[in-house]
Amino acid sequence: FYSARFPLLSQLIFFVFFVGLGVTYTNFLRLLREERMLRRGADLLVAGHSAEDLVAQLPDSGLRDRIVGLLARPAQAEQADPAGQEALEAREETHAGWAKYITGVLTMLGLVGTFLGLMVAIDSIRGLTSLEDKEAFFKGVVGALDGMGTAFSTSLAGIFGAVVLGFEQLVFHFA
């Protein structure tokens with residue numbers, strides 16, 4: 001990763017990326033915990049326990065209450081439950097909201113790096129007044145290349161981070 005002129009921006013991009021990974025994996029672990037509790041509740045009902053037994057054996061949480069509500073109504077299980085579907089979609093959107101925000105921030109940080117790098121490149125070329133002064137010419141070219149390196153590397157880092165987190169969010173959504 002090449003961004004010698006703006007090391008803070010480089011560190012910020014990587015920090016935001018790793019925060020995004022943490023948020024995504026936390027959401028995924030929450031989903032797995034919910035699935036495990038749902039399976040446990042279903043197993044208890046299949047074994048002949050009542051909804052009251054289920055309440056006693058699942059840990060106290062809002063999730064337990066939702067599972068008890070779903071599993072206590074087997075006659076309505078095949079019917080569409082619009083309120084339950086809306087609640088599920090709202091919960092999923094809440095879980096995915098931070099990761100989507102972080103994906104957008106990564107893209108914007110890459111874009112900020114692009115503009116900063118291009119400004120450095122333009123500023124380096126602006127100092128060239130004569131092509132006969134070889135030392136000044138090479139200094140301007142090296143400065144321009146440094147700026148373009150910053151622009152391209154921050155763009156690639158931001159886009160790469162956004163694509164990886166976006167893919168993980170897609171996998172999380174389907175899970």
Side-chain angles (χ1 to χ4, degrees), residues 1-39 59 61-64 66-67 82-175:
F1 188 70
Y2 179 80
S3 182
R5 293 254 184 173
F6 304 101
L8 183 64
L9 180 62
S10 303
Q11 293 167 356
L12 184 61
I13 289 173
F14 282 112
F15 174 76
V16 169
F17 175 71
F18 287 117
V19 166
L21 284 177
V23 166
T24 300
Y25 286 115
T26 300
N27 288 340
F28 189 69
L29 291 175
R30 183 179 300 131
L31 179 70
L32 289 176
R33 188 175 62 242
E34 288 179 9
E35 179 187 7
R36 190 172 39 246
M37 285 183 71
L38 185 59
R39 286 183 191 275
S61 69
L63 175 62
R64 180 196 66 186
R66 287 193 302 270
I67 290 173
Q85 183 65 26
E86 288 175 12
L88 178 66
E89 289 172 0
R91 194 171 82 242
E92 182 180 320
E93 186 63 34
T94 300
H95 292 314
W98 275 105
K100 288 178 182 179
Y101 175 74
I102 290 170
T103 301
V105 167
L106 278 172
T107 303
M108 290 302 116
L109 286 174
L111 192 58
V112 166
T114 299
F115 289 127
L116 288 175
L118 291 177
M119 285 173 45
V120 168
I122 290 169
D123 190 47
S124 296
I125 292 174
R126 185 182 307 153
L128 297 177
T129 55
S130 172
L131 292 177
E132 280 119 26
D133 186 3
K134 290 182 182 180
E135 187 174 320
F137 175 76
F138 285 120
K139 186 177 177 184
V141 168
V142 167
L145 290 174
D146 185 38
M148 288 188 286
T150 298
F152 291 129
S153 64
T154 55
S155 293
L156 286 175
I159 290 170
F160 175 76
V163 166
V164 168
L165 288 179
F167 178 73
E168 287 181 349
Q169 271 308 111
L170 183 66
V171 170
F172 174 72
H173 175 73
F174 286 120

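Computation of the quantities below employed the complete heavy-atom set of this structure, encompassing side-chain atoms and omitting hydrogens, waters and symmetry-equivalent molecules.
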Nearest heavy-atom approach of A121 to A144 is CB-O, 3.5 Å
Looking at I102, L165, L21, which one forms a side chain to side chain contact (heavy atoms under 4.5 Å, CB included) with V16?
-> I102
Out of curiosity, L32 CG to R36 CZ, how far, rounded to the nearest 0.5 Å?
-> 7.0 Å
Side chain to side chain contact (heavy atoms under 4.5 Å, CB included) filter on F167, not counting sequence neighbours, yields V171
Minimum side-chain heavy-atom gap Q11-F15 below 4.5 Å = no
CD1 on I13 to OG1 on T107, rounded to 0.5 Å | 10.0 Å
Restricting to pairs with a member in residues 120-131, which pass salt bridge (charged side-chain N to carboxylate O under 4.0 Å, His left out), not counting sequence neighbours?
-> D123-R126
How many angstroms lie between CE in M148 and CD1 in I122, if you round to the nearest 0.5 Å?
-> 10.0 Å
Residue pair T150 / L116, side-chain heavy-atom distance below 4.5 Å = no
Point-to-point distance, once rounded to the nearest 0.5 Å, from OG1 of T154 to CG of L106 | 12.0 Å
Value rounded to 0.5 Å, distance of CG in L9 from CZ in F14 = 10.5 Å
How long is the gap from CZ on F137 to CD1 on I125, to the nearest 0.5 Å?
-> 9.0 Å
